[in-house]
Amino acid sequence: MLLPLQARLAEAVRSAARSAFGAELGELSFQYPPRLELGDLALTAPFDLARALRQNPREIAARLAGELSRASGVRRAEVAGGGYVNLFLDRAAFARELHASLRAAAGPPRVPGRVIVEHTSINPNKAAHIGHLRNAALGDTFVRVLRHRGREVGVQNYIDDTGIQVADVVVGFLHMDKKGLAEVERIEGRFDDYCWDLYARVGDFYAEDPSRRGLQAETLHAIEAGGNETARLAAHVAARIVERHLDTMERLGIRYDLLARESDILRLHFWERAFELLKQAGALRLETEGKNAGCWVLSMEDSIDSSALGAPAEATSAPPARDSHPRGRNLEDESPRGRGSPAGEARRIDEDKVIVRSNGTVTYTGKDIAYQLWKLGRLDRDFRYRRHRVYPDGHVLWTTTSEAGFPPLGAAKRTRTMSGGEFTSPPLKTRGGVLGGAPLAPPSSMTDDGEPGAPVFGHARAVYNVIDVGQSYPQRVVKAGVAALAGPDAATASHHLAYEKVVLSPATARALGYAVGADEAAVKVSGRKGLGVKANDLVDALLAKARSEIDARDPERDAPARERAASAIAVGALRYFLLKYGRTKIITFDMEEALSFTGETGPYVQNGVVRARNIFAKMEAEGHRPEELAGRAAGLDLGTMLEGEEGDEAWSLLLLMARSDEVAEQAVKAEEVSLVAKHAFAVAQAFHAYYQNPRYSVLHAESEDRRAFRTMLVDAFLRQMDVLTSLLGIPVPEKM
RNA sequence: GCGCCCGUAGCUCAGCAGGAUAGAGCAGCGGUUUCCUAAACCGCAGGCCGCCCGUUCGAGUCGGGCCGGGCGCACCA
């Protein structure tokens with residue numbers, strides 16, 4: 001709401017600067033004076049002009065203030081401090097417009113082009129833990145904010161179903177537990193928890209006898225080759241764990257559009273194609289001597305313009321130098337250091353990164369380059385798709401597939417073209433045919449291939465990969481590969497949304513049964529050791545806490561209502577907890593703190609909304625019509641209402657709410673969703689304070705006009721919070 | 001060695017496209033419930049913004065250099 005006004009005022013400032021000083025101002029931003037008495041918006045442009053013009057900033061400010069005081073929407077403008085121009089807005093007009101726009105709930109204009117956000121991407125070999133939740137909460141919230149700001153977003157969850165982590169669990173089943181596919185299928189209960197324990201045992205199994213690592217390699221090869229019992233077991237494990245992960249995330253309101261499986265990337269030969277293209281482009285070099293002899297390497301030095309890689313040292317002026325990280329996967333384990341790389345070994349910087357090993361196999365990074373190229377619509381291959389699950393609201397989650405019946409790109413003619421793409425590769429063979437006995441319907445308008453009705457995936461204008469910061473280096477390699485093949489623009493379109501890990505507080509680690517040294521400030525989560533807080537356990541603990549709080553307050557509440565509220569509070573508490581920290585901050589997870597429902601927490605935010613709703617409920621119970629009253633407020637003398645002590649307080653609340661869109665926009669630009677969380681808290685806090693004052697009672701207002709005015713304020717708050725809580729994925733219970 | 005992240009109140013963190021007396025939450029102390037009641041509100045106390053130098057009219061915010069902590073720099077993912 002504030003954004004259009006700011007744009008208008010910025011234009012007025014520019015034109016004033018032009019006419020008064022003949023100066024051209026670039027981007028200018030508004031600030032907020034520290035106190036309401038000083039003004040509603042502050043302008044620091046005079047300082048910039050003063051430098052350029054070598055004049056006194058206060059004099060410049062005076063000229064600008066004169067111009068701006070005539071701008072529409074501005075009541076007055078005054079010079080303050082060393083040369084600020086402080087603007088006082090026309091409160092009545094602003095309030096009217098704000099309320100109208102909140103009631104209309106009009107979104108921002110659509111921003112053309114598809115955006116892909118990849119998040120979660122947990123190895124499908126064990127239960128999700130707190131670190132994975134941070135990834136998912138971050139990604140999911142970023143998606144919500146992007147959509148709010150008009151982007152069309154596709155959410156992808158990458159499933160590494162052929163990787164070493166799945167192989168380890170398979171080793172555990174086959175060689176430790178002596179269980180084959182049939183036995184594993186019969187395992188009941190929480191399969192992800194079962195594998196969690198098993199995975200930890202496999203670590204010990206290898207440690208006891210290093211030669212057992214051979215089993216790992218053997219298993220991995222069998223999985224990649226496919227068509228054997230081991231591969232079928234791996235597929236079963238991965239598929240079952242993925243279901244558990246999806247269920248876990250569903251508890252938190254986190255959903256996806258597509259599961260992108262690594263096995264499909266392999267079987268549909270994405271890498272082979274990317275390899276060809278990379279060789280053609282001269283991006284890869286076959287090393288003939290040295291330690292990388294026989295490998296295809298990607299040069300990290302001269303690949304392309306280094307600014308496109310977001311090289312950290314680069315001080316690019318255009319975008320805020322925030323995006324200095326490439327991308328990777330949701331790493332959950334400490335890297336197995338200590339084996340074969342003794343400390344103190346010479347560590348010279350590698351300018352080259354091996355993409356294809358001397359034995360001809362491709363590295364993870366190579367596969368990732370292919371996947372990233374596909375996301376950007378720069379690979380002339382596509383997946384086949386089929387429906388994976390339908391969420392309760394009807395939303396369909398698709399999965400990639402390479403199975404027959406879902407013809408890949410190249411087999412059928414493609415109606416939708418890829419930007420600049422050429423289809424030189426031979427069509428892949430496909431058997432076409434039937435699905436579940438039913439003949440395949442012709443492709444829908446949205447899709448060319450695969451199961452009918454699949455939307456277009458890939459072909460993104462921008463890609464955000466939510467991956468932990470530890471993988472910044474491999475992600476830079478991916479970016480370099482993309483740059484080498486698709487140019488700097490494609491690299492720039494690839495964003496690594498890097499976030500720091502979650503570690504455990506000593507108290508929490510001890511509670512989990514781990515010995516913690518007195519000098520340790522934090523304990524690292526370790527999937528290999530089975531050390532960590534499992535996501536479902538955490539949600540369960542939050543639920544239990546919420547239930548007991550509800551019982552203490554309102555023992556009469558019926559069971560379903562109680563459960564609904566407990567769930568909302570648990571989810572709200574957890575999501576807010578995960579979102580309130582900046583993403584580059586290591587979160588030291590402490591169970592007691594996470595279970596807190598007071599202070600700067602999700603429940604505090606929820607409670608603000610519930611209290612506002614209570615006002616309306618009470619009004620209705622006493623025969624008032626809040627909706628109607630709020631609508632009538634537009635006809636009030638808002639100018640008078642917004643004066644005086646109450647007027648000031650109401651005004652500051654309105655002004656704060658009005659900043660929401662600006663905050664969301666900043667969150668997108670800075671790739672920092674904690675801004676939205678902090679803002680939602682601030683708005684709730686302002687409302688709590690206002691609400692607390694009995695003199696501002698809506699129900700017991702001194703006049704009908706006052707009541708209408710306050711009703712409008714509460715109505716605006718509810719509508720704004722509806723937006724903000726949705727952005728954060730925080731549900732609001734009917735009652736607290 | 002090179003690179004990245006972090007270092008702000010006792011604790012956990014905001015603030016960082018430079019701007020007006022540095023803000024929250026928790027913990028502590030003291031208040032506020034016949035009220036749209038408290039998962040809340042008000043007040044008190046608590047800060048060489050790691051250190052030094054620089055740029056600037058102005059630095060917690062930018063640059064350089066240190067110090068401390070974490071992470072990365074595989075033919076692992």
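Proteins get letters first, then strands, A, B, ... in listed order; numbering begins at 1 in each.
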Base, sugar-phosphate or nothing for [X]? Non-hydrogen atoms, less than 4.0 Å.
X      : answer
A:S697 : base
A:A50  : nothing
A:A677 : nothing
A:F616 : nothing
A:A42  : base
A:P57  : nothing
A:G582 : sugar-phosphate
A:F47  : base
A:L220 : nothing
A:F597 : base
A:D168 : nothing
A:Q606 : nothing

Could you pick out which residue, A:V354 or A:I587, lies toward the 5' side of RNA chain B when each is mapped onto its nearest nucleotide?
-> A:I587
RNA chain B nearest-nucleotide lookup for A:G294 and A:E549: closer to the 5′ end is A:E549
Can a donor-acceptor pair under 3.5 Å be found between the side-chain atoms of [X] and the base atoms of [N]?
X      : N     : answer
A:D554 : B:A39 : no
A:S472 : B:C4  : no
A:R611 : B:U37 : no

In Watson-Crick or G-U wobble terms, both distances under 3.5 Å, what is the partner of [N]?
N     : answer
B:G1  : B:C73
B:G58 : none
B:C35 : none
B:C29 : B:G43
B:G23 : B:C13

Whole-Å distance separating the [atom1] atom of [X] from the [atom2] atom of [N]:
X      : N     : atom1 : atom2 : value
A:Y581 : B:C5  : OH    : C1'   : 17 Å
A:N693 : B:U37 : CG    : P     : 15 Å
A:H688 : B:G25 : NE2   : P     : 12 Å
A:Q31  : B:A17 : CD    : C1'   : 10 Å
A:K126 : B:A77 : NZ    : P     : 16 Å
A:I730 : B:A39 : CD1   : P     : 18 Å
A:F681 : B:C26 : CZ    : C1'   : 11 Å
A:N607 : B:G25 : CG    : C1'   : 16 Å

Is the distance from OP1 or OP2 of [N] to the nearest side-chain N or O of [X] less than 4.0 Å?
X      : N     : answer
A:Y499 : B:C6  : no
A:Q692 : B:U33 : no
A:K501 : B:C5  : no

Please state the [atom1] separation for the pair [N] and [M] - nearest whole angstrom.
N     : M     : atom1 : value
B:G54 : B:A20 : C1'   : 24 Å
B:A24 : B:A45 : P     : 13 Å
B:C5  : B:G63 : P     : 10 Å
B:A22 : B:C48 : C1'   : 14 Å
B:U12 : B:G28 : C1'   : 16 Å
B:G1  : B:G10 : C1'   : 38 Å
B:G23 : B:C16 : C1'   : 14 Å
B:C26 : B:U34 : C1'   : 32 Å

Looking at [options], which one has an atom nearest to any side-chain atom of [X]?
X      : options             : value
A:Y473 : B:C73, B:A77, B:A14 : B:C73
A:R35  : B:C35, B:U21, B:C42 : B:U21
A:R51  : B:A39, B:A38, B:G58 : B:G58
A:K524 : B:A39, B:G70, B:G15 : B:G70
A:K353 : B:C35, B:C57, B:A74 : B:A74
A:E593 : B:U12, B:A77, B:A40 : B:U12
A:T363 : B:G70, B:A77, B:A40 : B:A77
A:I569 : B:A39, B:A77, B:C41 : B:A39
A:Y691 : B:U37, B:A77, B:C57 : B:U37
A:E262 : B:A77, B:C41, B:C57 : B:A77

So that I can tick it off, tell me whether [Y] and [X] are bridged by a salt bridge, with the cut-off set at under 4.0 angstrom between side-chain N and carboxylate O.
X      : Y      : value
A:K545 : A:E592 : no
A:E549 : A:R553 : yes
A:E646 : A:R695 : no

Exercise: identify the closest heavy-atom pair between A:A546 and A:I569 = CB-CG2, 4.0 Å
Going by atom types only, do A:E649 and A:N693 share a side-chain donor-acceptor pair under 3.5 Å?
-> no
Distance under 6.0 Å and angle within 45° of ring axis: A:K580 vs A:F681 | no
Taking the six-membered ring of A:Y499, is NZ or CZ of A:R134 closer than 6.0 Å to its centre and within 45° of its axis?
-> no
Is it the case that more than 12 heavy atoms not belonging to A:E289 sit under 6.0 Å from its CD atom?
-> no
Can you tell if the side chain of A:D352 reaches within under 4.5 Å of the side chain of A:R285, non-hydrogen atoms only?
-> yes
To the nearest 0.5 Å, atom NZ of A:K501 lies from atom OG1 of A:T588 at 10.0 Å
